[in-house]
S.K.: 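Sharing a structure below in structure tokens format, with a few things to ask.
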There are 2 protein chains.
Amino acid sequence: MKFLNDMALFVEVVKAKSFRGAADAIGMPNSTLSRRISALEKTLGLRLLHRTTRKITLTEAGQIYYERCKRIVDEAKLAQEQLSEMLTQPSGVLRASLPVDFTVTYMAPLIAEFAKLYPGIVFDFDLTSRWVDLVNEPFDVAIRIGKPENSQLIARPLAVLPTYLYASPRYLDRSGEPAEPADLANHECLGIMKADTWTLHDGINTTKISIGSRFTLNSVGMICRLATLDMGIIMMMEKIVADDIASGRLRRVLPQWRGAPVSACAITATRLLPAKTQHFIKFLKEHLGKV
Amino acid sequence: MKFLNDMALFVEVVKAKSFRGAADAIGMPNSTLSRRISALEKTLGLRLLHRTTRKITLTEAGQIYYERCKRIVDEAKLAQEQLSEMLTQPSGVLRASLPVDFTVTYMAPLIAEFAKLYPGIVFDFDLTSRWVDLVNEPFDVAIRIGKPENSQLIARPLAVLPTYLYASPRYLDRSGEPAEPADLANHECLGIMKADTWTLHDGINTTKISIGSRFTLNSVGMICRLATLDMGIIMMMEKIVADDIASGRLRRVLPQWRGAPVSACAITATRLLPAKTQHFIKFLKEHLGKV
DNA sequence: CATTAGATATGAAATTTTTGAATGACATGG
DNA sequence: CCATGTCATTCAAAAATTTCATATCTAATG
């Protein structure tokens, strides 16, 4: 089946009723076209075209073959169009893996808006804290906080979110209010996963402190909850703790200092994305930046 | 439309559910296959396959594309089969240009037999003495006596036919019986077209004599008729004059000598012939030799 | 845990394909 | 009747693709 392309060329020649015309239409030297058709005829073992120097006419075999080829080429065009529709008209199921708390707090309103914008898209979200295996699981995209580890994957930054230190008033009463970063060494610092250092910044200086915590956990919601239960100091994005701040359950610690900003990324297995995914990522990027 | 071939490869990969398997099936290095599919995906702008190192699965787009491609490849195979049927099953209209008298005398019985052998073939014969323009006129084959002049065409020898000299008894009574070739100079020698020499052969010696005739004509039947009307000596194939010999209207002249044998050729515009033409030429070659 | 198999990447050599100019043929119009 | 422009084909040089060998990565296997 190495002559499929030549079939398309043959169709063009028949349609143009001339090699030159077809060559111009395709944008190909007519010499190539001539040779390609000859090759096709040779592999078929039959003449398809009667060539007079001035005109070409179909042979009996050519007539039959042309009918077939036309259908094939039309089918191919259809397939092409159908795919390019996938590529331009956002529709279908969008499967995404999302981090739990970030999604609930930051992304929920955006997703709602996006869903309104593209009624053709159906959503299948998996909220999880684990770094899903995009290669094996059929996710179109994963949103993660932090840097991607696997270099095979394509990561697009969506937003950079500043973080601050928070603790409950009662914890601070009990353990004392730290006055400078170094004081944190004597505090219970609740970090996500196994992060053992915090980087702080006051606009001029950057300082790294190593933190020790009795808790290792992978849930943002959970460490916030622990903080409200007076268990320690957390480094967190603003909005996540907005409610707790408003209600007084948490309060900013070391207010001149801020934590290292974390970045949210959209991660995909490939750059060749259907429209639905492209639009989703683009939308998030545009709107998350302003949050 | 430069990716038709890749579509066929894609179908193979999906069918084999593996690059290696497909590569083996096609007989192509899997590296090429891999690159080819990647290129296809790139031109489409969409991933077709989810690759895990161990397995491949279709993406949503791949699924849709595969359905289409399978149909296209199947269509192509069908077209191929249909043509190869033309190539092997003799059928259709056989358009041939034939020389008048040779066909009536020599070929008629063969054609009758051939027609019986291949009921699927319909015949469209044009009996003419002119050398038809095979390039411009849609003949599948032309049968001609003598050597082809145009080297563009493909000539296949069918048979070599000996010729002898004949004249009517009354002509010989009137003009005298030639005893040796040189005597022909004093006779009316009726030649076809503008042949101005005859080559004679007696098994040992070859002699060329130049002939002059008051007639230039292009019909074998006509010069035979002229001969029976006592107008001169002719050089002719045996069977053409068989009836005239039997009835005594003509009689052999210089019986030890024979003319240069003429060859009958099948002439086609190309070597890429449908089965009907191939079989026709083959049949003529096999049977004309025995005549 | 080491091993195997499969997909992909890479780079150099080999092969095929494409190109662009040249060629030859033919119809048209002066 | 010849000049001219058009068109298919041919050919050698250039470009692209394929191949082959090699290497890497990862999942499944034992």
Side-chain angles (χ1 to χ4, degrees), chain A residues 1-6 8-10 12-14 16-43 47-59 62 131-137 149-154 269-272, chain B residues 1-6 8-10 12-14 16-43 47-59 62 133-137 149-154 269-272:
Chain A
M1 300 299 285
K2 282 201 72 66
F3 47 87
L4 271 292
N5 281 343
D6 294 340
L9 299 181
F10 173 60
E12 287 300 322
V13 171
V14 175
K17 296 191 217 308
S18 119
F19 277 74
R20 176 167 293 276
D24 289 348
I26 308 170
M28 170 189 268
N30 59 355
S31 58
T32 303
L33 195 51
S34 173
R35 203 174 17 68
R36 222 84 276 294
I37 300 295
S38 296
L40 177 62
E41 289 177 327
K42 202 168 159 194
T43 68
R47 276 258 146 168
L48 296 171
L49 298 168
H50 264 306
R51 281 104 149 155
T52 43
T53 29
R54 205 78 188 147
K55 264 180 201 165
I56 54 177
T57 50
L58 284 167
T59 63
W131 280 71
V132 293
D133 181 355
L134 276 176
V135 178
N136 285 304
E137 294 177 68
E149 34 191 34
N150 186 335
S151 61
Q152 294 279 69
L153 303 172
I154 317 295
T270 165
R271 283 188 203 285
L272 303 171
Chain B
M1 301 299 284
K2 280 203 72 65
F3 47 86
L4 270 293
N5 282 343
D6 293 340
L9 298 181
F10 172 60
E12 288 299 322
V13 171
V14 175
K17 295 190 218 309
S18 122
F19 276 76
R20 178 168 293 276
D24 290 347
I26 308 170
M28 172 189 266
N30 62 353
S31 59
T32 302
L33 192 53
S34 173
R35 211 151 15 70
R36 219 85 277 293
I37 300 294
S38 296
L40 177 62
E41 289 178 326
K42 202 168 158 194
T43 68
R47 275 257 146 165
L48 297 171
L49 298 167
H50 264 308
R51 280 98 148 159
T52 44
T53 35
R54 200 82 187 148
K55 263 181 200 162
I56 55 176
T57 51
L58 285 166
T59 63
D133 181 356
L134 276 176
V135 177
N136 286 304
E137 295 177 67
E149 34 193 33
N150 187 335
S151 61
Q152 293 279 68
L153 303 173
I154 317 295
T270 166
R271 283 186 204 285
L272 303 171

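Below, read A as the first sequence line, B as the second, and so on, with proteins coming before strands; counting in each chain starts at 1.
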S.K.: Do you know which two heavy atoms are closest between B/Val13 and B/Ala22, and how far apart they sit?
M.R.: CA-CB, 3.6 Å
S.K.: Please enumerate all protein N or O atoms sitting under 3.5 Å from an N or O of nucleotides 25-29 of chain C, with distances to 0.1 Å.
M.R.:
{"residue": "C/dC26", "atom": "O4'", "partner": "A/Thr53", "partner atom": "OG1", "Å": "3.3"}

S.K.: If you pin A/Gly21 and B/Asp6 to their nearest nucleotides in DNA chain D, which one's is more 5'?
M.R.: A/Gly21
S.K.: Please check the phosphate of C/dA7 (OP1 and OP2 only) for any side-chain N or O of B/Arg51 closer than 4.0 Å.
M.R.: no
S.K.: Would you indicate whether the side-chain heavy atoms of B/Leu33 and B/Glu12 approach each other to under 4.5 Å?
M.R.: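 When only atoms from C-beta onward are counted, B/Leu33 and B/Glu12 do not touch, as no gap falls below 4.5 Å.
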S.K.: Can you confirm whether A/Leu58 sits close enough to A/Phe10 that some side-chain heavy atom of one is under 4.5 Å from a side-chain heavy atom of the other?
M.R.: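 Side-chain contact under 4.5 Å: yes.
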S.K.: Toward the 5' end of DNA chain D, which comes first, A/Lys2 or A/Ile56, by nearest nucleotide?
M.R.: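 Checking each residue's closest nucleotide, the 5'-ward one belongs to A/Ile56.
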S.K.: Please report the distance, rounded to the nearest Å, between NZ in A/Lys42 and P in D/dT10.
M.R.: 11 Å
S.K.: Can you tell me how far C1' of C/dG6 sits from CG of B/Asp24, to the nearest Å?
M.R.: 11 Å
S.K.: With no hydrogens and no angle check, is any side-chain donor or acceptor of A/Ser34 less than 3.5 Å from a backbone partner on A/Asn30?
M.R.: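 The answer is no, because no donor-acceptor pair under 3.5 Å joins these two groups.
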S.K.: Where do B/Phe3 and B/Leu40 come nearest, in terms of heavy atoms and distance?
M.R.: CB-CD1, 3.8 Å
S.K.: Rounding to a whole Å, what distance do you find between B/Arg20:CZ and D/dC20:P?
M.R.: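 Atom CZ in B/Arg20 sits about 14 Å away from atom P in D/dC20.
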S.K.: Please report the closest heavy-atom contact between B/Ala16 and B/Gly21, naming both atoms and the distance.
M.R.: CB-C, 3.9 Å
S.K.: Please list residues of residues 29-39 of chain A whose heavy atoms come under 4.0 Å from any atom in DNA chain C, ordered by number; otherwise none.
M.R.: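 Correct list: A/Pro29, A/Ser31, A/Thr32, A/Arg35, A/Arg36.
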S.K.: Take atom CZ of B/Phe19 and atom P of D/dT26, then tell me their distance rounded to the nearest Å.
M.R.: 18 Å
S.K.: If you take all heavy atoms of B/Ile56 and B/Phe19, which pair is closest and at what distance?
M.R.: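 Nearest pair, atom of B/Ile56 first, then B/Phe19: CG2-CE1, 3.9 Å.
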S.K.: Between D/dA27 atom P and B/Lys17 atom NZ, what is the distance in whole Å?
M.R.: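 Rounded to whole Å, this separation is 21 Å.
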S.K.: Between A/Arg51 and A/Glu41, does at least one N-O distance fall below 4.0 Å, as a salt bridge requires?
M.R.: yes
S.K.: How bent is the helix from C/dC1-D/dG30 to C/dG30-D/dC1, measuring the angle between the end axes built from five pairs each, rounded to 10°?
M.R.: 30°
S.K.: Report the distance from atom NE2 of B/His50 to atom C1' of D/dA27, rounded to the nearest whole Å.
M.R.: 17 Å
S.K.: Can a donor-acceptor pair be found, under 3.5 Å and without considering hydrogens, that links the side chain of B/Asp6 to the backbone of B/Ile37?
M.R.: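 No, because the side chain of B/Asp6 does not come within donor-acceptor range (under 3.5 Å) of the backbone of B/Ile37.
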S.K.: Considering only heavy atoms from C-beta outward, does the side chain of A/Lys2 approach that of A/Thr43 to under 4.5 Å?
M.R.: no
S.K.: Give the minimum heavy-atom separation between A/Ala23 and A/Pro29, together with the two atoms involved.
M.R.: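 So the two residues come closest at CB-C, 4.1 Å.
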